[in-house]
Undergrad: 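Just dropping this structure here.
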Protein chains: 2
Amino acid sequence: MIRLAIAEDHQSLIDGLTLLLKYEEGIQIVGTANDGDALLQLVKRKEPNVVVTDIRMPKMDGIQATKIIKKEYPHIKVLAFTMFDQEEAIKQMIRAGASGYILKNTSLKEVLNAILVVAEGKIYVDPNINVDGINPQKKDNRKGILTKRQMEILALIAQGKTSREIADELFIGLHTVDTHRKNMIRILGLKGKGELLRYALDKKYKF
Amino acid sequence: MIRLAIAEDHQSLIDGLTLLLKYEEGIQIVGTANDGDALLQLVKRKEPNVVVTDIRMPKMDGIQATKIIKKEYPHIKVLAFTMFDQEEAIKQMIRAGASGYILKNTSLKEVLNAILVVAEGKIYVDPNINVDGINPQKKDNRKGILTKRQMEILALIAQGKTSREIADELFIGLHTVDTHRKNMIRILGLKGKGELLRYALDKKYKF
DNA sequence: TTACAAATACCCGTTACTGGGTAATTTTAA
DNA sequence: TTAAAATTACCCAGTAACGGGTATTTGTAA
């Protein structure tokens, strides 16, 4: 299930997209926003897995918003929804971590397709865009997605240790371990009780 | 760590065993009992993983006690501690699910060895015993250890479903799912929050 | 050296799961 | 058909984990 958030200062466009996607199976629109600030609030509250955002927006532009979203929630896919001939802005969106860029003068059907593509973790680039240096992905210095300490703790979680045991083993406080747990859950886009343990067991042999 | 329970109506023998095992690393004596009833209570309270029990005991004999223990806690290994020439009783112990049988006229050192052997899940039979039809293990009709319903629920647990979700999916009550969870934890000898999920994930592909 | 990331730690509240019971009903097998 | 096993369901209490904050210290890189 794709949980979609839309940010776009032209409400009419939002309405059009909403109309198209409302009855689309597998897509749930968790909210819309008319500016960057509102988008960030929306992401924080609803944690979508895909965000469609305009680049030029009031309060905070889509580039800045994307940077923040990708930093805090690297698993969220961002699809930039731009007007034509703003190649410099598009480049910045790429650097900010966007997974796709589609022009506003595209059919809504193609927009839907782009959403599905980026939701799968792939990159979607509008055929009409021709930017030379397109090298998305991998702009954060993190080796993986998690920090050293987080991986260390994840490994202990995989061993079935409780937060208390992990805290004692690493000579840190219980709260600290819980904080790391929560940060990892947020960063990895997990949810629910066992998800982190499931993830830990899955990745256990991949460190 | 072997958590050991001892049942034997001759307290002197218990004392001897305790003396031997007290400083043995890897073995913790969680309690002793002088009759079958007391043994069952002990097992229930302390959940040992290995039980050493006499066959002839007051109130309830070791055979009956073993049957009940193996039914409720199949993971617990039972080592019968018998006097010589009671072959019929030994056969019954086998059928009751004992993992080993050692004669009382054996050195305590050998008793220790027998405990270690059965704790590893292997079968220990005193060399001086010669019963023809020895076919231990597998006396419960259960295919595996769990029932159909329990495996069904375990599979859903492995998928990360909560009890609530599992209940809805199977059209049964939340309490029922929780009961199955608890029964599985008991039968499998697990403990702690994540253990059942870990077990479920481990066995997921082995159904 | 100064900003940013990482690691540390605490607060509050809620929920899912565990651990301890008990018990009725249905199914299966002896 | 009758005893045993399996499935269903509920009670109470405790705790680990989650979800949401905030905040300080310690690195590290610009």
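By convention in this document, chain letters (A, B, ...) are assigned in the order of the sequence lines, proteins followed by strands, and residues within each chain are numbered from 1. Atoms considered below: every heavy atom in the structure, side chains included; atoms not considered: hydrogens, waters and symmetry mates. Values in this document were obtained by computation on a predicted structure and should not be read as measured data.
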Undergrad: For B:Leu154 and D:dA6, what is the distance between atoms CG and C1' respectively, to the nearest whole Å?
TA: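 Spelled out: CG on B:Leu154 to C1' on D:dA6 is 17 Å.
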
Undergrad: What is the distance, rounded to the nearest whole Å, between atom CG of A:Leu188 and atom P of D:dG19?
TA: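 So the two atoms are 12 Å apart, to the nearest Å.
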
Undergrad: Does OP1 or OP2 of C:dA9 have a side-chain N or O of A:Thr176 closer than 4.0 Å?
TA: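 Indeed, a polar side-chain atom of A:Thr176 lies that close.
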
Undergrad: Please compare B:Leu174 and A:Gly173 by the position of their nearest nucleotide in DNA chain C and report the one closer to 5'.
TA: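 Looking at the nearest nucleotide for each, A:Gly173 comes out on the 5' side.
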
Undergrad: To the nearest Å, how far apart are A:Leu190 CG and D:dA17 P?
TA: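 After rounding, the gap between these two atoms is 15 Å.
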
Undergrad: Output the rounded distance in Å from CD (B:Gln159) to C1' (C:dA16).
TA: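 Value for this atom pair: 18 Å.
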
Undergrad: To the nearest angstrom, how far is A:Asn183 atom CG from C:dC10 atom C1'?
TA: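 These atoms are roughly 14 Å apart.
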
Undergrad: I want to check one thing: is the phosphate of C:dT18, taken as OP1 and OP2, less than 4.0 Å away from some side-chain N or O of B:Arg181?
TA: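 Result: yes.
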
Undergrad: Under 4.0 Å from OP1 or OP2 of D:dT8: is there any side-chain N or O of B:His175 that close?
TA: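 False: B:His175 side-chain N/O out of range (4.0 Å or more) of D:dT8 OP1/OP2.
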
Undergrad: Can a side chain N or O of B:Lys148 be found less than 4.0 Å away from OP1 or OP2 on D:dA6?
TA: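 Negative; the distance criterion is not met.
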
Undergrad: Indicate the atoms forming the closest heavy-atom contact of B:Asp61 with B:Ile55, along with that distance.
TA: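 Heavy-atom minimum between the residues: CB-O, 3.3 Å.
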
Undergrad: Strictly below 4.0 Å: does A:Arg164 bring a side-chain N or O up to OP1 or OP2 of D:dA16?
TA: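 Answer is no, no contact under 4.0 Å.
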
Undergrad: I would like to know whether B:Glu47 and B:Arg3 meet salt bridge (Lys or Arg N to Asp or Glu O under 4.0 Å); could you show each step before the answer?
TA: CA-CA 8 Å; B:Glu47 285 216 24; B:Arg3 294 169 48 79; over 6 Å; no

Undergrad: Go through C:dT8, C:dT18, D:dG19 for me and flag the one nearest to the B:Asp178 side chain.
TA: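 It is C:dT18.
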
Undergrad: In whole Å, what is the span from the CG atom of B:Leu197 to the P atom of D:dA17?
TA: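 So the CG-P distance, B:Leu197 to D:dA17, works out to 12 Å.
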
Undergrad: Might you confirm whether atom NZ of A:Lys59 has over 12 heavy atoms from other residues, nucleotides or ligands at distances under 6.0 Å?
TA: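 12 or below, so no.
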
Undergrad: Taking only side-chain nitrogens and oxygens of A:His180, does any of them come within less than 4.0 Å of OP1 or OP2 of C:dA7?
TA: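 Checking C:dA7 against A:His180, no side-chain N or O comes under 4.0 Å of OP1 or OP2.
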
Undergrad: Could you state the OH-C1' distance from B:Tyr199 to C:dC17, rounded to the nearest angstrom?
TA: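 Distance check: B:Tyr199 OH to C:dC17 C1' gives 19 Å.
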
Undergrad: In the 5'-to-3' direction, what one-character label does each nucleotide of nucleotides 21-27 of chain D receive under the scheme B = base within less than 4.0 Å of a protein heavy atom, S = sugar-phosphate only, - = no such atom?
TA: -------

Undergrad: List for me each residue that meets side-chain hydrogen bond (donor to acceptor under 3.5 Å, both in side chains) alongside B:Arg186, sequence neighbours excluded, and say none if there are none.
TA: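 Result, side-chain hydrogen bond (donor to acceptor under 3.5 Å, both in side chains) vs B:Arg186: B:Asn183.
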
Undergrad: Taking all non-hydrogen atoms of both residues, which atom of B:Ala114 and which atom of B:Leu79 are closest, and how far apart?
TA: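 In this case the closest contact between B:Ala114 and B:Leu79 is CB-CD2, 3.9 Å.
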
Undergrad: How close do A:Leu170 and A:Glu152 get, heavy atom to heavy atom, and via which atoms?
TA: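 In terms of heavy atoms, the two residues are closest at CD2-OE2, 3.5 Å.
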
Undergrad: Decide yes or no for A:Lys70 and A:Ile76: does some side-chain heavy atom of the first lie under 4.5 Å from some side-chain heavy atom of the second?
TA: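 They are not in side-chain contact.
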
Undergrad: Any side-chain N or O of B:Arg186 below 4.0 angstrom from OP1/OP2 of C:dG19?
TA: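 For B:Arg186, the contact criterion (side-chain N or O under 4.0 Å from OP1 or OP2 of C:dG19) is not met.
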
Undergrad: So if I take every side-chain heavy atom of A:Ile172 and compare against C:dA6, C:dT8, C:dC17, which nucleotide ends up nearest?
TA: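 Shortest atom-to-atom distance from the side chain points to C:dT8.
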
Undergrad: From C-beta outward on A:Thr162, which listed nucleotide comes closest to its side chain: C:dA7, D:dT7, D:dA17?
TA: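 Minimum distance to the A:Thr162 side chain belongs to D:dA17.
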
Undergrad: Minimum heavy-atom separation for A:His75 and A:Leu188, please, with both atom names.
TA: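 Result for this residue pair: ND1-C, 3.9 Å.
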
Undergrad: Please determine if a side-chain N or O atom of A:Thr147 lies less than 4.0 Å away from the OP1 or OP2 oxygen of C:dA7.
TA: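 For A:Thr147, the contact criterion (side-chain N or O under 4.0 Å from OP1 or OP2 of C:dA7) is met.
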
Undergrad: Tell me: CD of A:Glu72 to P of C:dA5, nearest whole Å?
TA: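 Atom-to-atom, A:Glu72 to C:dA5, this comes out as 9 Å.
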
